[in-house]
Protein chains: 2
Amino acid sequence: MNNTNKAISIPDMRSPCPIANTLDILGDKWTLLVIRDLFAGKSTYSEFQSSPEKIPTNILANRLKRLTENGIILKTPYQERPVRYAYRLTDKGLSLGPVLREMANWGVNNIAATKAQIKMNL
Amino acid sequence: MNNTNKAISIPDMRSPCPIANTLDILGDKWTLLVIRDLFAGKSTYSEFQSSPEKIPTNILANRLKRLTENGIILKTPYQERPVRYAYRLTDKGLSLGPVLREMANWGVNNIAATKAQIKMNL
DNA sequence: TATAGTCACTTGCATAATGCAAGTGACTTG
DNA sequence: CAAGTCACTTGCATTATGCAAGTGACTATA
């Protein structure tokens with residue numbers, strides 16, 4: 001059991017609606033792309049930066065911070081000398097698989113010129 | 001057959017990824033709440049405004065415009081004298097049900113104090 | 001027929017988020 | 001000891017969001 005068993009709490013909820021509250025955490029253009037990259041096997045800051053959408057580095061830093069605070073990802077050093085960090089999904093993060101799967105599915109069915117490049121276990 | 005059979009085209013795609021492209025249409029704090037309201041049976045401007053999250057009216061107008069342009073919703077007058085408009089989901093919009101369902105499901109399982117208020121056919 | 005009210009927005013402006021480029025510090029390799 | 005990599009931070013311009021008030025078409029009531 002890792003640290004994903006505690007629920008996220010949102011200080012000033014705009015409503016009790018689960019969709020609204022989920023959007024307060026994931027509802028922007030970048031957050032779910034970082035999570036997509038994690039599902040695709042990426043784990044370091046520079047790997048996230050190298051994705052084709054070219055996320056600005058300040059936004060990447062901000063999203064990694066927010067996702068960590070919300071218990072969706074975990075930051076750990078994977079080597080010393082020099083110390084290098086890996087981010088990975090917690091159970092809470094892994095449980096976003098179905099959300100990503102349905103979004104990807106909707107995209108391929110409804111947006112022209114979209115192509116799933118790699119097969120992910122969502 | 002209604003007008004939902006044409007795929008959305010995104011002028012300057014940031015990548016061919018279906019998740020990235022879906023986020024370019026739905027990735028913000030408000031768009032999916034309007035769609036949620038439509039799934040919940042709401043259809044007029046004032047009904048959307050009355051939802052507990054209190055969407056600013058300029059943002060509501062903007063989102064209804066964008067969703068219409070993307071073929072996700074349809075605007076039709078439902079009465080003359082005075083003319084009143086109803087928005088409703090196209091087939092493309094209805095196919096977002098699974099996305100909403102998985103987001104709602106993730107919210108109830110991972111965010112404290114979230115409560116699904118009404119049962120929706122997602 | 002003046003007055004008030006509703007609906008579906010629009011406008012103006014302040015605040016916050018995003019986007020771009022450059023810089024920083026710890027560390028390693030040649 | 002110079003150059004490079006990693007994981008960021010900072011400064012600033014641009015864009016989006018949020019709030020309040022206003023608009024115009026229409027109706028219902030006095």
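- In this entry the distance linking OH of B:Tyr78 with P of C:dT6 reads 14 Å, nearest Å.
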Between the protein and nucleotides 9-16 of chain C, are there any N/O to N/O pairs under 3.5 Å, and if so, what are the atom names and distances?
from, atom 1, to, atom 2, distance (Å)
C:dC9, OP1, B:Lys75, NZ, 2.8
C:dC9, OP2, B:Tyr87, OH, 2.6
C:dT10, O4, B:Thr57, OG1, 2.5

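- Although no hydrogens or angles enter the test, the distance criterion places a donor-acceptor pair under 3.5 Å between the side chain of A:Asp28 and the main chain of A:Trp30.
- A straight line from CD of B:Glu53 to P of D:dC19 spans 13 Å, rounded to a whole angstrom.
- Summarising the geometry, the separation between CG on A:Asn62 and P on D:dA7 is reported as 18 Å, rounded to the nearest angstrom.
- In this structure, a donor-acceptor pair under 3.5 Å is present between the side chains of A:Ser51 and A:Asp37.
- Distance check: B:Ile35 CD1 to B:Tyr87 OH gives 14.0 Å after rounding to the nearest 0.5 Å.
- Residue B:Lys119 places its NZ atom among 12 or fewer non-hydrogen atoms of other residues, nucleotides or ligands, all under 6.0 Å distant.
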Is there any protein nitrogen or oxygen under 3.5 Å from a nitrogen or oxygen in nucleotides 23-30 of chain C, and what are the pairs?
none

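- Taking atom CD1 on A:Ile55 and atom P on C:dA17, their separation rounds to 16 Å, with Å as the unit.
- Of the two residues contacting DNA chain C, namely A:Arg66 and B:Thr44, the nearest-nucleotide position lying further toward the 5' end is that of B:Thr44.
- For the pair B:Leu74 and B:Thr68, the minimum side-chain heavy-atom distance is 4.5 Å or more.
- Rounding to whole angstrom units, CG of residue A:Leu60 and P of D:dC6 are separated by 14 Å.
- Closest approach of A:Ile55 and A:Gln49 over heavy atoms only: CG2-CA, 4.3 Å.
- Hydrophobic clustering places A:Phe39 together with A:Leu64 (ILVMFWY residues linked when any side-chain heavy atoms are closer than 4.5 Å, directly or through intermediates).
- Nearest heavy-atom pair across B:Lys29 and A:Arg14 is O-NH2, 2.9 Å.
- Between the C1' atom of D:dG18 and the CH2 atom of B:Trp30 lies a distance of 9 Å, rounded to the nearest Å.
- Remark: the A:Arg63 side chain and the A:Thr31 side chain contain an N/O donor-acceptor pair separated by less than 3.5 Å.
- Distance CG (A:Asp28) to P (D:dT17): 11 Å, rounded to an integer number of Å.
- B:Ile59 places its CD1 atom 13 Å from the C1' atom of D:dA20, with the value rounded to the nearest Å.
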